[in-house]
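Heads up: the structure comes next, in structure tokens.
This structure is a prediction, so every number in the text was calculated from the model and none was measured.
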Amino acid sequence: MYAQMVKTDAARIKGLDEMDPQERVFQQRIDTGQKIEPKEWMPEAYRKTLIRQISQHAHSEIVGQLPEGNWITRAPTLERKAILLAKVQDEAGHGLYLYCAAETLGISRDQMYEQLHSGKAKYSSIFNYPTLSWADIGAIGWLVDGAAIMNQVPLQRCSYGPYARAMVRICKEESFHQRQGFDILAKMVRGTPAQKEMVQDALDRWWWPSLMMFGPSDDASVHSAQSMAWKIKQNSNDELRQKFVDQTVPQAEYLGLTVPDPDLKWNEEKGGYDFGEPDWSEFFEVIAGNGPCNAERLGARRKAWGDGTWFRDGLTAHAEKVAARRAKSVAAE
Ligand SMILES: [Fe+2]
Ligand SMILES: [Fe+2]
């Protein structure tokens with residue numbers, strides 16, 4: 001499937017011989033595995049693609065704190081609370097590294113926030129689902145951070161230096177996140193029947209949205225093929241989804257859970273699972289802003305931005321006063 005995709009789309013992507021000399025050197029550097037750094041020449045479309053992808057990624061980290069933050073005050077033990085706090089703080093850190101990486105491409109933090117708050121920029125659709133029980137916190141760590149790792153590990157080899165380097169630390173932290181989620185569930189399935197039922201219910205609700213995190217099948221996408229040629233993207237959405245299913249199903253079995261997919265079946269020939277198609281109409285509805293929590297999530301981000309206005313104004317006023325004092329003392333010398 002992957003080879004076919006590259007072949008189909010290759011015809012629509014510029015060949016080296018069609019490029020001007022500057023672009024050819026750029027592409028050859030990428031082809032030989034060199035990293036592109038902020039001050040270096042890059043095609044405008046490469047810059048724009050990266051700004052969109054990195055800022056979307058940053059927004060997802062920040063908005064992703066909300067469904068889990070919802071459970072910090074209700075974590076069942078002090079230890080679970082401390083772990084969840086650390087996890088949610090990590091996500092804030094991921095957002096900050098990624099905003100910094102995007103800023104190196106010439107967009108400001110304020111512009112990115114503006115795009116998020118106006119609804120122009122997207123973030124991962126998964127964070128528009130509610131967290132109804134403590135088991136959801138386990139399911140998010142296990143499945144959502146698990147899917148994020150699948151997506152992010154190849155990004156460590158992305159052609160853009162600052163993005164690739166940010167991913168190294170992020171991936172290390174994501175693997176802790178996934179384990180903490182799995183650990184919550186492993187404990188709960190050994191608990192009372194009601195607790196085990198909560199875990200199954202969480203899996204039933206989070207399974208399909210997690211598979212949607214890889215995006216629709218990208219067999220026919222020129223966009224994806226171009227990102228692959230630029231080594232911004234290294235695997236197709238379907239490839240990553242398959243890897244995720246193959247990794248996760250045995251873990252579900254270990255927990256004694258049933259994956260809510262009647263079409264799920266081991267396929268000896270391909271050495272992986274066959275599985276059903278997610279409901280893409282639901283995915284596009286959520287992306288379009290009509291998921292269960294879109295309004296709540298954006299509302300929380302806009303409120304946080306509004307609540308911080310006095311502080312930003314204060315910092316600006318202070319900076320202006322300091323600059324004016326400095327200018328005055330220089331003039332007096
Ligand atoms: Fe993260
Ligand atoms: Fe995470």
Exercise for review: Give a yes or no on whether a salt bridge exists between D183 and K187, defined as a side-chain N under 4.0 angstrom from a carboxylate O.
Suggested key: no
Point to revise | Close side-chain approach of P260 to W206, heavy-atom, < 4.5 Å | key: no
Check your understanding: Can you list the other members of the hydrophobic cluster that holds W310, where links are side-chain heavy atoms under 4.5 angstrom apart?
Key -> F311, L315
Exercise for review: State which residues pass ring-ring contact (aromatic ring centres under 6.0 Å, His included) with F275; sequence neighbours excluded, sorted by chain then number.
Suggested key: none
Check your understanding: Does atom OH of Y254 have more than 12 heavy-atom neighbours from other groups under 6.0 Å away?
Key -> no
Practice item. Just do the side-chain contact (heavy atoms from CB on, under 4.5 Å) check on M150 and M213 with the steps written out, would you? Key: CA-CA 10 Å; M150 251 346 141; M213 282 176 74; over 6 Å; no
Practice item. Give me the ring orientation class for F26 and Y46: parallel if the planes are under 30° apart, tilted from 30 to 60°, perpendicular past 60°. Key: perpendicular
Check your understanding: If we only count heavy atoms from C-beta on, is the W207 to V259 side-chain gap below 4.5 Å?
Key -> yes
**Study point:** Shortest non-hydrogen separation from S124 to N128 and the atoms involved
**Key:** O-ND2, 4.4 Å
Point to revise | Side-chain touch R157/K231, heavy atoms, less than 4.5 angstrom | key: no
Check your understanding: Below 4.0 angstrom, N of the basic side chain to O of the carboxylate: do K243 and D246 qualify?
Key -> no
**Study point:** Non-hydrogen side-chain atoms of P162 and P38 separated by less than 4.5 Å
**Key:** yes
Review point. Is the H117 ring parallel, tilted or perpendicular to the W305 ring (thresholds 30°, 60°)?
Key: tilted
Review point. Quick check: are there more than 12 heavy atoms from other residues, nucleotides or ligands sitting under 6.0 Å from NZ of K270?
Key: yes
Point to revise | F176 and Q180: CA distance, side-chain angles, deciding distance, side-chain contact (heavy atoms from CB on, under 4.5 Å) verdict | key: CA-CA 6 Å; F176 148 66; Q180 68 87 36; 4.3 Å; yes
Check your understanding: Between Q200 and D204, does a side chain to side chain donor-acceptor pair (under 3.5 Å) hold up when you go through it step by step?
Key -> CA-CA 6 Å; Q200 181 63 53; D204 291 347; 2.8 Å; yes
**Study point:** V153 reachable from I170 in the ILVMFWY side-chain graph, under 4.5 Å edges
**Key:** no
Check your understanding: W142 vs F182 aromatic rings, parallel, tilted or perpendicular, using cut-offs 30° and 60°?
Key -> perpendicular
Review point. Sub-3.5 Å donor-acceptor pair from the side chain of S329 to the main-chain atoms of R326, do we have one?
Key: yes
Check your understanding: Are side-chain heavy atoms of V249 and W266 found at a separation under 4.5 Å?
Key -> no
Exercise for review: Ignoring hydrogens and angles, tell me if any N or O in the side chain of N237 forms a donor-acceptor pair with the backbone of P216 under 3.5 Å.
Suggested key: yes
**Study point:** W230 backbone acceptor or donor facing S159 side chain under 3.5 Å
**Key:** yes
Review point. Taking all atoms of both residues into account, what is the closest heavy-atom pair of A202 and A139, and its distance?
Key: CB-CB, 4.0 Å
Review point. I140, L85: one ILVMFWY side-chain cluster at the under-4.5 Å cut-off?
Key: yes
Practice item. Identify whether L84 and V63 are in the same connected component of the hydrophobic contact network (ILVMFWY, side-chain heavy atoms under 4.5 Å). Key: yes
Exercise for review: Considering non-hydrogen atoms only, spot the tightest contact between P130 and R205 and give its length.
Suggested key: O-NH1, 4.1 Å
Check your understanding: Are W134 and L132 joined in one hydrophobic group, where the rule is that I, L, V, M, F, W and Y side chains link up if heavy atoms are under 4.5 Å apart?
Key -> no
Point to revise | Distance-minimising heavy-atom pair for W41 and Q22 | key: CD1-NE2, 3.2 Å
Check your understanding: Short question: side chain of E296, backbone of C293 - any donor-acceptor pair under 3.5 Å?
Key -> no
Check your understanding: How long is the span from the CD1 atom in I149 to the CD atom in E173, to the nearest 0.5 Å?
Key -> 11.5 Å
**Study point:** Residue pair S60 / F127: nearest heavy atoms and the distance that separates them
**Key:** O-CE1, 3.4 Å
Practice item. Would you indicate whether the side-chain heavy atoms of E282 and M212 approach each other to under 4.5 Å? Key: yes
Check your understanding: I72 and V144: same hydrophobic cluster, using ILVMFWY side-chain contacts below 4.5 Å?
Key -> yes
Check your understanding: Can you tell me how far CG of D145 sits from SG of C171, rounded to the nearest 0.5 angstrom?
Key -> 11.0 Å
Review point. Can you check side-chain contact (heavy atoms from CB on, under 4.5 Å) on D261 and E277, steps first, answer last?
Key: CA-CA 9 Å; D261 178 357; E277 193 71 25; over 6 Å; no
Check your understanding: If you count the non-hydrogen atoms of other residues, nucleotides and ligands that lie under 6.0 Å from CZ in R179, is the total more than 12?
Key -> no
Check your understanding: Say you draw a straight line from CZ of R297 to OH of Y123; how long is it, rounded to the nearest 0.5 Å?
Key -> 7.5 Å
Check your understanding: How many angstroms lie between atom CD of Q234 and atom CG of L155, to the nearest 0.5 angstrom?
Key -> 7.5 Å
Review point. Tell me, which pairs form a side chain to side chain donor-acceptor pair (under 3.5 Å) where one or both residues lie in residues 62-72, sequence neighbours left out?
Key: E68-K87, N70-R74, N70-T131
Point to revise | Atom of L240, atom of P154 and distance for their closest heavy-atom approach | key: CD2-CG, 4.4 Å
Revision key, fill the gap. dist I30:CD1 -> Q27:CD (nearest 0.5 Å) comes out at 5.0 Å
Review point. Just wondering, are more than 12 heavy atoms of other shown residues or ligands nearer than 6.0 Å to CD in E79?
Key: no
**Study point:** Candidate pair Y129 and V286, rule side-chain contact (heavy atoms from CB on, under 4.5 Å), full reasoning
**Key:** CA-CA 9 Å; Y129 291 86; V286 177; 3.6 Å; yes
Check your understanding: Would you say the side chain of V322 lies within less than 4.5 Å of the side chain of H318, judging by non-hydrogen atoms?
Key -> yes
Exercise for review: Kindly say whether F283 contributes a backbone atom to a donor-acceptor pair with the side chain of S125 at under 3.5 angstrom?
Suggested key: no
Point to revise | Criterion side chain to side chain donor-acceptor pair (under 3.5 Å) on Q53 and K233, from CA distance to verdict | key: CA-CA 10 Å; Q53 182 172 332; K233 188 173 176 157; over 6 Å; no
Check your understanding: Looking at Q152, E174, Q89, which one forms a side chain to side chain donor-acceptor pair (under 3.5 Å) with H94?
Key -> E174
Check your understanding: Within the distance-only criterion (no hydrogens, no angle test), does the side chain of K35 pair as donor or acceptor with the backbone N or O of C158 below 3.5 angstrom?
Key -> yes
Practice item. Return yes if some donor-acceptor pair links the side-chain N/O of E61 with the main-chain N/O of A58 below 3.5 Å, else return no. Key: no
Study note, to complete from the structure: d(L298 CG, L116 CG) to nearest 0.5 Å is 6.0 Å
Check your understanding: Side chains of F244 and L143: closer than 4.5 Å at any heavy-atom pair?
Key -> yes
Review point. Testing R109, H57, H59 for side chain to side chain donor-acceptor pair (under 3.5 Å) with Y99, which one passes?
Key: H59
